[in-house]
Q: 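To start, I am sharing the structure in question, which I have written as structure tokens.
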Protein chains: 2
Amino acid sequence: MDASQRVRPVVDRLGYLLKHARERLAVLSTGALAPFGITGRDLAVLAVLAQGDPPSQLEAAQRLSIDRTTMVGLLDGLEAKGLLERRADSADRRRNIVALTESGTRTLVDASAAAETAERAFLAPLSAADAERLRALLQAVVAAEDESRG
Amino acid sequence: MDASQRVRPVVDRLGYLLKHARERLAVLSTGALAPFGITGRDLAVLAVLAQGDPPSQLEAAQRLSIDRTTMVGLLDGLEAKGLLERRADSADRRRNIVALTESGTRTLVDASAAAETAERAFLAPLSAADAERLRALLQAVVAAEDESRG
DNA sequence: TATTGTTATACTCTATAACTATA
DNA sequence: TATAGTTATAGAGTATAACAATA
């Protein structure tokens with residue numbers, strides 16, 4: 001049995017490609033965000049807090065599809081940096097409403113611009129049209145995930 | 001400052017898209033490989049062992065861009081399942097040559113077919129042409145990583 | 001001196017269970 | 001009873017340091 005004739009080379013498998021693509025983007029993003037003292041995950045948290053009304057901790061976690069226990073630590077770090085505030089929800093005192101501070105909003109805007117620059121560097125091997133195609137194709141497969149989850 | 005007008009929504013960022021795309025593929029692959037008693041990482045190891053001459057542990061690790069200390073544990077598990085053999089290299093006795101057993105080759109071929117089925121399910125939201133485009137675009141950005149690393 | 005395989009260790013990310021305070 | 005936030009804990013996955021055997 002000649003396996004090498006029957007199996008797709010590792011480097012052509014989607015699992016390998018997605019893993020290494022993400023690693024490369026992570027290297028670029030980490031460097032771009034270092035001056036702001038935050039990570040890519042931190043930036044994602046800041047971004048969801050700015051979308052629509054300030055959410056509760058649980059809502060923020062759901063928008064990112066991460067666990068609420070994970071969110072606690074992320075918010076702890078960002079609150080200690082003065083980028084957000086937790087406020088008790090007067091309508092339901094079990095909840096914390098999480099809102100960006102002025103410093104947090106400024107950091108979000110500036111760090112997002114840096115992250116976009118990192119994305120452009122990541123996409124540099126592609127034409128502008130192909131770069132948008134890649135994003136659209138990934139959105140299509142990820143959107144399918146969200147639908148199947150309900 | 002209205003951040004929501006200036007920053008790209010989280011779900012449109014490449015970091016988010018790559019993370020969730022990979023997670024969805026991982027769920028599908030894990031299910032497809034479960035009957036074979038191996039993980040996606042195990043399958044990747046089996047596949048590199050079948051490409052070209054059987055490599056040393058270090059060469060196998062380098063082909064996958066993983067650490068040689070990580071490779072030890074992966075090989076331990078696969079060897080215990082009888083899927084590969086470590087043989088001392090007579091030309092350099094520091095090295096172990098790692099080769100698939102007959103059972104390992106059979107598992108590689110069958111599990112690869114199952115993994116391909118999982119990939120097709122992952123790509124189901126896309127047309128066949130878009131599916132190949134996605135793979136090609138990912139290959140392009142990952143290839144750029146390999147070049148820059150030398 | 002340098003390299004290969006190995007072990008021990010630690011660090012990150014994540015998930016689960018259990019606690020508290022509120023509803 | 002159920003939910004939101006929290007804490008403790010544990011499990012992956014990965015990386016670093018140090019060691020033995022060999023080059």
Side-chain angles (χ1 to χ4, degrees), chain A residues 15-16 18-20 22-27 29-30 33-34 38-45 48-49 53-80 84-99 149, chain B residues 15-16 18-20 22-27 29-30 33-34 37-45 48-49 54-80 84-99 149:
Chain A
Y16 178 95
L18 290 171
K19 177 186 179 190
H20 286 85
R22 195 170 168 226
E23 281 176 354
R24 177 162 176 256
L25 178 60
V27 168
S29 297
T30 299
L33 294 179
I38 63 173
T39 67
R41 301 170 72 230
D42 290 333
L43 179 58
V45 172
V48 298
L49 299 183
D53 291 329
S56 70
Q57 294 189 193
L58 184 59
E59 287 164 349
Q62 288 169 340
R63 289 184 192 174
L64 287 173
S65 299
I66 65 177
D67 196 85
R68 72 195 161 119
T69 65
T70 303
M71 181 60 70
V72 172
L74 290 169
L75 296 179
D76 285 348
L78 293 168
E79 188 171 39
L84 58 82
E85 286 175 348
R86 287 166 157 121
R87 304 174 190 150
D89 183 346
S90 55
D92 181 345
R93 297 189 39 236
R94 291 173 303 183
R95 293 171 168 251
N96 288 338
I97 299 300
V98 187
R149 208 172 41 208
Chain B
Y16 178 94
L18 289 171
K19 178 187 179 191
H20 287 85
R22 197 173 167 224
E23 280 176 355
R24 178 162 176 255
L25 178 61
V27 168
S29 296
T30 298
L33 295 178
I38 63 174
T39 67
R41 302 170 71 230
D42 290 333
L43 179 59
V45 172
V48 298
L49 298 182
S56 70
Q57 296 190 191
L58 184 59
E59 288 164 349
Q62 289 169 341
R63 289 184 192 174
L64 286 174
S65 299
I66 64 177
D67 197 85
R68 73 194 159 115
T69 66
T70 302
M71 181 59 70
V72 173
L74 289 170
L75 295 179
D76 285 348
L78 293 168
E79 190 172 37
L84 58 82
E85 286 175 348
R86 287 165 157 121
R87 304 174 188 149
D89 182 346
S90 56
D92 181 346
R93 296 187 41 236
R94 292 173 302 184
R95 293 171 168 250
N96 287 338
I97 299 299
V98 187
R149 207 174 43 206

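A note on names: the letters A, B, ... follow the listed sequences, proteins ahead of strands, and every chain is numbered from 1.
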Q: Distance check needed: D:dG13 P versus B:Leu74 CG, whole Å only.
A: 9 Å
Q: What are the two closest heavy atoms between B:Thr69 and B:Asp67, and how far apart are they?
A: OG1-OD2, 2.6 Å
Q: What is the separation between atom CD on B:Glu23 and atom P on C:dT14, rounded to the nearest whole Å?
A: 8 Å
Q: Between B:Asn96 and A:Ser90, who's closer to the 5' end of DNA chain C by nearest nucleotide?
A: B:Asn96
Q: Is there a donor N/O on one and an acceptor N/O on the other, under 3.5 Å, for the side chain of A:Thr69 and the base of D:dT7?
A: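 Not at all, since no donor on one side and acceptor on the other fall under 3.5 Å apart.
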Q: Figure out the CD/C1' separation between B:Glu79 and C:dG5, and round it to whole Å.
A: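 Going from B:Glu79 (CD) to C:dG5 (C1'), I get 13 Å.
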Q: When you measure from the side chain of A:Gln57, which nucleotide among D:dG5, C:dG5, C:dA17 comes out closest?
A: D:dG5
Q: Applying the side-chain hydrogen bond (donor to acceptor under 3.5 Å, both in side chains) criterion to A:Gln57, which one of A:Arg86, A:Arg95, A:Gln62 satisfies it?
A: A:Arg86
Q: Output the rounded distance in Å from NZ (B:Lys19) to C1' (C:dT12).
A: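 Rounded to whole Å, this separation is 13 Å.
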Q: Find the distance A:Arg87:CZ to D:dA4:C1' and express it as a whole number of Å.
A: 18 Å
Q: Could you tell me the separation between the CD1 atom of B:Ile66 and the P atom of D:dT16, rounded to a whole number of Å?
A: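 In whole Å, D:dT16 P and B:Ile66 CD1 are 14 Å from each other.
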Q: Could you report the tightest heavy-atom contact between A:Gly15 and B:Arg22, atom names first, then the distance?
A: O-NE, 4.4 Å
Q: Using heavy atoms to find the nearest nucleotide of DNA chain D for B:Arg22 and B:Asp92 separately, return the residue whose nucleotide is more 5′.
A: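 Final value for this comparison: B:Arg22.
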Q: Please report the closest heavy-atom contact between A:Met71 and A:Leu64, naming both atoms and the distance.
A: CE-CD1, 4.2 Å
Q: Without decimals, in angstroms, what is the distance between B:Gln62 CD and D:dA15 P?
A: 14 Å
Q: Give a yes/no answer on whether the side chain of A:Arg86 brings an N or O atom under 4.0 Å of OP1 or OP2 in D:dT6.
A: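 Yes, because at least one side-chain N or O of A:Arg86 sits under 4.0 Å from OP1 or OP2 of D:dT6.
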Q: Could you pick out which residue, B:Val72 or A:Thr39, lies toward the 5' side of DNA chain C when each is mapped onto its nearest nucleotide?
A: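 Mapping each residue to its closest nucleotide by heavy atoms, the 5'-most match is B:Val72.
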Q: OP1 or OP2 of C:dA23 less than 4.0 angstrom from a side-chain nitrogen or oxygen of A:Arg94, does that happen here?
A: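 It does not, given that no N or O in the side chain of A:Arg94 lies less than 4.0 Å from OP1 or OP2 of C:dA23.
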Q: Nearest whole Å is fine: how far is D:dG13 P from B:Met71 CE?
A: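 So the two atoms are 14 Å apart, to the nearest Å.
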Q: May I ask you to verify if any side-chain N or O of B:Arg93 is less than 4.0 angstrom from the OP1 or OP2 atom of C:dT4?
A: no
Q: Side chain of A:Asp67, heavy atoms from C-beta onward: which of D:dG5, D:dT16, C:dT16 has the nearest atom to it?
A: C:dT16
Q: Out of C:dA15, C:dG5, D:dG5, which nucleotide sits closest to the side chain of B:Ser56?
A: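 My answer, after comparing the listed nucleotides, is C:dG5.
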Q: What nucleotide among D:dT7, D:dA15, C:dT7 has an atom nearest to a side-chain atom of B:Asp76?
A: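 Within the option list, the nearest is C:dT7.
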Q: Search all heavy atoms of B:Asn96 against all heavy atoms of B:Ala88 and return the closest pair with its distance.
A: OD1-CA, 4.3 Å
Q: Can you check whether A:Arg95 has a side-chain N or O nearer than 4.0 Å to OP1 or OP2 of D:dA4?
A: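 Yes, within the criterion.
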Q: Within the structure, does a side-chain N or O atom of A:Arg68 lie under 4.0 Å from either OP1 or OP2 of D:dG5?
A: no
Q: At what distance, to the nearest 0.5 angstrom, does CD1 of B:Ile97 lie from OG of B:Ser56?
A: 6.0 Å
